[in-house]
Amino acid sequence: MKFESFNLKKETIEALHSLNYIEATKVQDIAIPKILKGENVIVKSETGSGKTHSFLVPIINNLTFSGGIEALIIVPTNELALQTYEFFKEFKKYFPNLAIKTIINGIGLKKGEQQLKTNSQIVIATPTRLSFILEDSSFDLSNCRTLVLDEADMLSESGFFDDIQKVFNKLINPQVVVLSATISQYVRDFLKKNLPNDLIIDESSNTLEDKITHYFINTKHLDNIDAIDIFLKEKNPYLLFIFANTKKEVNDIYLHLKKQKYQVGTISGELSLRERKAMLRKANNNDFQILVCSDLAARGIDVNDVSDVLSVNIPNNIEYYFHRAGRTARNGKEGNSYVFYNHDSLDKVNQLINLGVKPKYLKITNKELVVDQKPDLKKKKVYINQELEKEIKEATSKIKSRNVKPNYKKKVRIETEKVKRKYKRKMIKKSIRKELDNKFRSEGKKNG
């Protein structure tokens, strides 16, 4: 459906056309008419499906410019706040009186207070910073008609719902719009508590997954850095996001690729807000071929034309894999999501398959990336020596019986290693004795 088919003001249609927003996405088709009418809506849809503009367009269209804050948008990260701000900022040219403010970490508290007190119709905020400001009773939110919770599950996972509750307590019967790729039971329970019974839940889905091709790459026990070198040599991606689970891994990969003279940037919690903004700006200006990221960039960050995503390890929170993969195949385009795995990560691999991922299989052999014709996803059974296990249990139980608290784990580990060494020596002696016995028997037979 075209945007002009919605019941929008003439100015809004003109702005959308000038910004080259012509065709609405599937989720926008469903959400925009409901939000325009002031209904409460939960938008559950995959990343890259156009959720941001599904609330941005009706908010701008319904502004009265009668004074005070009319819409409050809460997002989990500074990056998402700044990105949302940039989307709204595009419309300032067509709505000269439009004022948008961000209240985020990295901006001094006094400055945040001054921003709220200025005549801004739209405030975009991270919850912790906003909650500090809202404790000041001088801020008037009586005119705020719309509250948006973007990436609701991430807000929940980050422990922000206590702060969001403070916001609910300040508002008077607002329209509530909730957006997320997933809607957990915790989020549903929170909304049920704070919203009237006429809440409309929109769990529409789109065909985004059909546009992502998933590849699982068996690296065996090859170091991730070496595996990345082989992958890049083989694939030479247009724009690649590489995800790792820790800041150290992100930094190590980034420094290695920089040393290899790749056009590479990085986004992680190690960088300041200003540095992260600069990285995103450069990424959208096509200054990089590769962006190495922690999961900070997996939710809500929109970089144009990401052709491929590589997870060098599967995230501990398995759902984050889908947010990582969602950095590609955006705005109707196709993309690839690659995952490194080995025997140690087979449990997570099978979890992804059980969640509906239908991968193609590759493997690294002789420093080459080839099709894996017979992927083995069954975890090998580990046979435990029962005698050794019994001896370890007896030795460590003595430590427990002494009620040792300081360095308990260290003492258990030391005792376990001691038992293993002792057991190994016993097995060696037993083996030598067996060989000698066999030797004497054979010699006895000859002499006999």
Side-chain angles (χ1 to χ4, degrees), residues 27 30-31 34-35 37-47 49 51-52 54-56 58-59 69-81 83-84 102-105 116 122-135 137 139 141-142 144-205 295-296 298-301 315-320 322-323 326 355:
V27 71
I30 299 169
K34 295 176 180 178
I35 300 173
K37 290 189 288 185
E39 296 178 3
N40 296 323
V41 178
I42 292 181
V43 179
K44 176 181 177 291
S45 187
E46 299 290 346
T47 54
S49 58
K51 292 193 294 292
T52 302
S54 68
F55 68 80
L56 181 152
I59 282 176
I69 300 165
E70 298 187 48
L72 179 58
I73 301 163
I74 302 178
V75 299
T77 66
N78 289 350
E79 286 74 19
L80 189 51
Q83 179 176 288
T84 306
T102 56
I103 310 294
I104 59 178
N105 294 328
L116 269 180
I122 299 167
V123 172
I124 306 163
T126 51
T128 305
R129 179 49 56 96
L130 180 64
S131 70
F132 282 121
I133 296 168
L134 293 181
E135 286 173 3
S137 59
F139 295 113
L141 289 172
S142 59
C144 183
R145 292 177 289 108
T146 303
L147 172 65
V148 177
L149 305 180
D150 199 3
E151 294 291 351
D153 267 0
M154 191 175 183
L155 288 168
S156 167
E157 291 161 9
S158 302
F160 287 146
F161 269 39
D162 286 343
D163 296 312
I164 291 170
Q165 185 64 61
K166 295 178 186 178
V167 177
F168 266 99
N169 295 342
K170 281 273 188 178
L171 301 179
I172 303 169
N173 194 28
Q175 173 193 28
V176 179
V177 178
V178 180
L179 307 102
S180 193
T182 56
I183 304 290
S184 68
Q185 188 58 48
Y186 181 86
V187 173
R188 291 175 188 274
D189 291 344
F190 178 87
L191 296 173
K192 187 176 180 180
K193 171 187 171 185
N194 286 280
L195 296 177
N197 294 326
D198 62 350
L199 174 67
I200 297 170
I201 298 179
D202 179 358
E203 294 188 323
S204 61
S205 62
D295 281 312
L296 180 73
R299 298 289 289 264
I301 299 301
N316 296 322
N317 182 340
I318 207 76
E319 285 188 357
Y320 268 77
F322 298 98
H323 298 297
L355 288 169

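Contact between P127 and I164 at its shortest, heavy atoms only, is CB-CG1, 4.2 Å. Heavy-atom minimum distance, K34 versus Q175: O-NE2, 4.2 Å. Residues A81 and T102 share a closest heavy-atom pair of O-CG2, 4.3 Å. The minimum heavy-atom distance linking V178 with A152 is given by the pair CG1-CB, 3.5 Å.
A donor-acceptor contact shorter than 3.5 Å links the side chain of T84 to the backbone of L80. The closest donor-acceptor contact from the side chain of D150 to the backbone of V75 lies at 3.5 Å or more, if one exists at all. Between the side chain of E70 and the backbone N or O of C144 there is no donor-acceptor pair closer than 3.5 Å.
From N194, atom CG reaches atom CG of D189 across 11.0 Å, with rounding to the nearest 0.5 Å. The CG atom of L141 lies 5.0 Å from the CD1 atom of I69; values are rounded to the nearest 0.5 Å. Between the OG1 atom of T126 and the CG atom of L155 there is a distance of 10.0 Å, given to the nearest 0.5 Å. Remark: R188 CZ to S156 OG distance equals 12.5 Å, nearest 0.5 Å.
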Exercise for review: With side-chain contact (heavy atoms from CB on, under 4.5 Å) as the test, would you mind laying out the steps for F55 and V43 before giving the verdict?
Suggested key: CA-CA 10 Å; F55 68 80; V43 179; over 6 Å; no

Practice item. Could you check M154 against T77 for side-chain contact (heavy atoms from CB on, under 4.5 Å), going step by step and ending with a plain yes or no? Key: CA-CA 9 Å; M154 191 175 183; T77 66; 3.7 Å; yes

Point to revise | Pair D163-L130, side-chain contact (heavy atoms from CB on, under 4.5 Å): steps then yes or no | key: CA-CA 8 Å; D163 296 312; L130 180 64; over 6 Å; no

Point to revise | Test side-chain contact (heavy atoms from CB on, under 4.5 Å) applied to E151 and L179, step by step | key: CA-CA 6 Å; E151 294 291 351; L179 307 102; over 6 Å; no

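I59 has its side chain within reach of V148: a pair of non-hydrogen atoms, C-beta onward, lies under 4.5 Å apart. Using a 4.5 Å cut-off on side-chain heavy atoms (C-beta onward), I74 and F160 make no contact. In this structure the side chain of I104 never reaches within 4.5 angstrom of the side chain of R129, judged on heavy atoms.
Classification of the F190-F168 ring pair by plane angle, with boundaries at 30° and 60°, yields perpendicular.
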